[in-house]
**Q** 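This is the structure I want to talk about, given as structure tokens.
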Amino acid sequence: MKTIPTRIGRLARGTFLAPGLVALALGLGAPAATTAQTVLKAAHSSSTTSTGHQALEHMARQLKEKTDGRLTIQIFPNSQLGSEREQIESVQLGNLDMTFISSAVLGAFNPQFFALDIPFMFKDRAGVYRVLDGDIGTRLLASLDKVGIKGLAYWENGFRQLTNNVRPIRSPKDLEGMKMRTMENEVHIAAWKAEGANPAPLAFGELFTALQQGTFDAQEGPINLFYDMKFYEVQKYITRTNHVYSPWPLLINPDVYNSFSPEDRAIFDQAVKDATSFQRDLARKADDKAAAAMPQVQIIDLTPEEHAAFASRMGPIQDSVKKKVGAEVVEAIVAEVNR
Ligand code: EAX
């Protein structure tokens with residue numbers, strides 16, 4: 001966070017005079033208290049066309065307008081300030097003010113988040129939002145306090161699909177032995193191993209080059225993000241597995257959040273709410289828009305039986321997550337999803 005005094009403050013900085021005296025010297029009368037402008041540094045790992053980036057821009061405009069310029073956001077996209085893991089660490093250390101990242105990376109900071117990584121658990125957005133916006137998701141965000149992070153909201157990365165550059169994949173057999181990138185998350189690695197792939201984690205910012213160089217044949221992620229990151233240049237096939245729903249939790253450094261005046265904190269909280277509905281609305285439409293814009297990519301829709309062939313291998317993965325987060329959390333999520 002950078003706090004920049006206003007004009008008077010800047011003038012005073014060039015002299016030994018206090019801002020008030022500079023104001024008087026300039027015949028500006030008794031100066032209004034110098035209101036500092038706070039520029040919040042926000043980073044993420046997706047492109048400037050992503051729904052998350054657009055939501056940060058939306059939030060920046062609203063904050064600047066409603067606080068008369070006291071609060072603004074400077075955005076650093078495309079992993080400019082490091083990987084998602086490094087962005088989280090920077091928020092904890094106070095070197096970065098805000099970020100949105102895949103919840104999968106949060107598992108390394110707070111194992112409770114592994115509860116969201118069980119493949120084939122979420123079926124549709126209604127079930128997702130009953131969990132994320134209900135008691136379970138709210139408590140999960142609040143649990144970040146104990147690791148020095150304030151969780152603000154769940155933005156939507158989206159339902160994740162399997163993509164590859166070798167052949168149309170309709171079954172785990174088609175995937176067998178393929179070198180596959182996963183997020184840096186032990187549940188995802190174990191799940192794709194169980195599906196028969198040869199998985200390895202890699203930071204998202206390095207993924208395009210790794211796919212281009214053939215380090216990996218396959219990866220998985222939302223179709224709209226696949227489009228935003230131009231993965232259609234290095235991946236020919238998308239199989240609609242909908243295997244995981246990926247939230248993009250929006251995070252802030254707690255000291256920065258607590259430094260706002262009560263008035264500006266209320267404005268900030270409202271800007272988060274507005275940006276969240278703005279982002280989710282964009283995200284809801286983004287997959288179909290992206291699919292229509294990539295006629296060169298073959299999108300494979302699975303039959304219920306083909307989909308079940310992937311889902312049926314995830315029992316041991318669900319059991320392993322129950323051991324990490326507690327069976328009651330997993331059962332509460334499953335009950336909410338199927339309510
Ligand atoms: O911002 O690493 C990934 O595949 C995630 O989708 C990440 O959140 C992209």
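Whatever order the structure lists them in is the order used to number ligands and atoms, beginning at 1. Nothing fancy with the numbering, it's 1 onward along the sequence. Just so you know, these numbers come straight off a predicted model, no measurement behind them.
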**Q** Salt-bridged, K230 to E233, with N to O below 4.0 Å?
**A**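 Judged by the 4.0 Å cut-off on N to carboxylate O distance, K230 and E233 do not form a salt bridge.
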**Q** Would you say R181 touches ligand 1, if touching means a heavy atom closer than 4.0 Å?
**A**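 It does, in that a heavy atom of R181 comes within the 4.0 Å cut-off of ligand 1.
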**Q** Can you tell me which residue and heavy atom of the protein come closest to atom 1 (O) of ligand 1, and the distance to 0.1 Å?
**A** E84 OE2, 3.0 Å
**Q** Can you tell me the protein heavy atom closest to atom 6 (O) of ligand 1 and the distance?
**A** N157 ND2, 2.8 Å
**Q** Is atom NZ of K289 surrounded by more than 12 heavy atoms (other residues, nucleotides or ligands) closer than 6.0 Å?
**A** no
**Q** Side chain, backbone, both or neither: which part of V105 comes within less than 4.0 Å of ligand 1 when only heavy atoms are counted?
**A**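 Near ligand 1, V105 shows nothing, with every heavy atom at 4.0 Å or more.
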**Q** Against ligand 1, does W248 come closer than 4.0 Å with any heavy atom?
**A** yes
**Q** Taking non-hydrogen atoms only, is L207 closer than 4.0 angstrom to ligand 1 via side chain, backbone, both or neither?
**A** neither
**Q** Tell me which part of R160 gets within contact of ligand 1: side chain, backbone, both or neither, using heavy atoms under 4.0 Å.
**A**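 Within the 4.0 Å criterion, R160 contacts ligand 1 through side-chain atoms alone.
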**Q** Quick test: of every protein heavy atom, which one is nearest to atom 3 (C) of ligand 1, and how far off is it to 0.1 Å?
**A** F204 CD1, 3.4 Å
**Q** Answer yes or no: is there a donor N or O on one side and an acceptor on the other, between the side chain of Q279 and the main chain of E156, under 3.5 Å?
**A**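 Flag set: sc Q279 to bb E156 pair under 3.5 Å.
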**Q** Using the rule that Ile, Leu, Val, Met, Phe, Trp and Tyr join whenever any side-chain heavy atoms are under 4.5 Å apart, tell me whether F204 and M183 fall into a single cluster.
**A** no
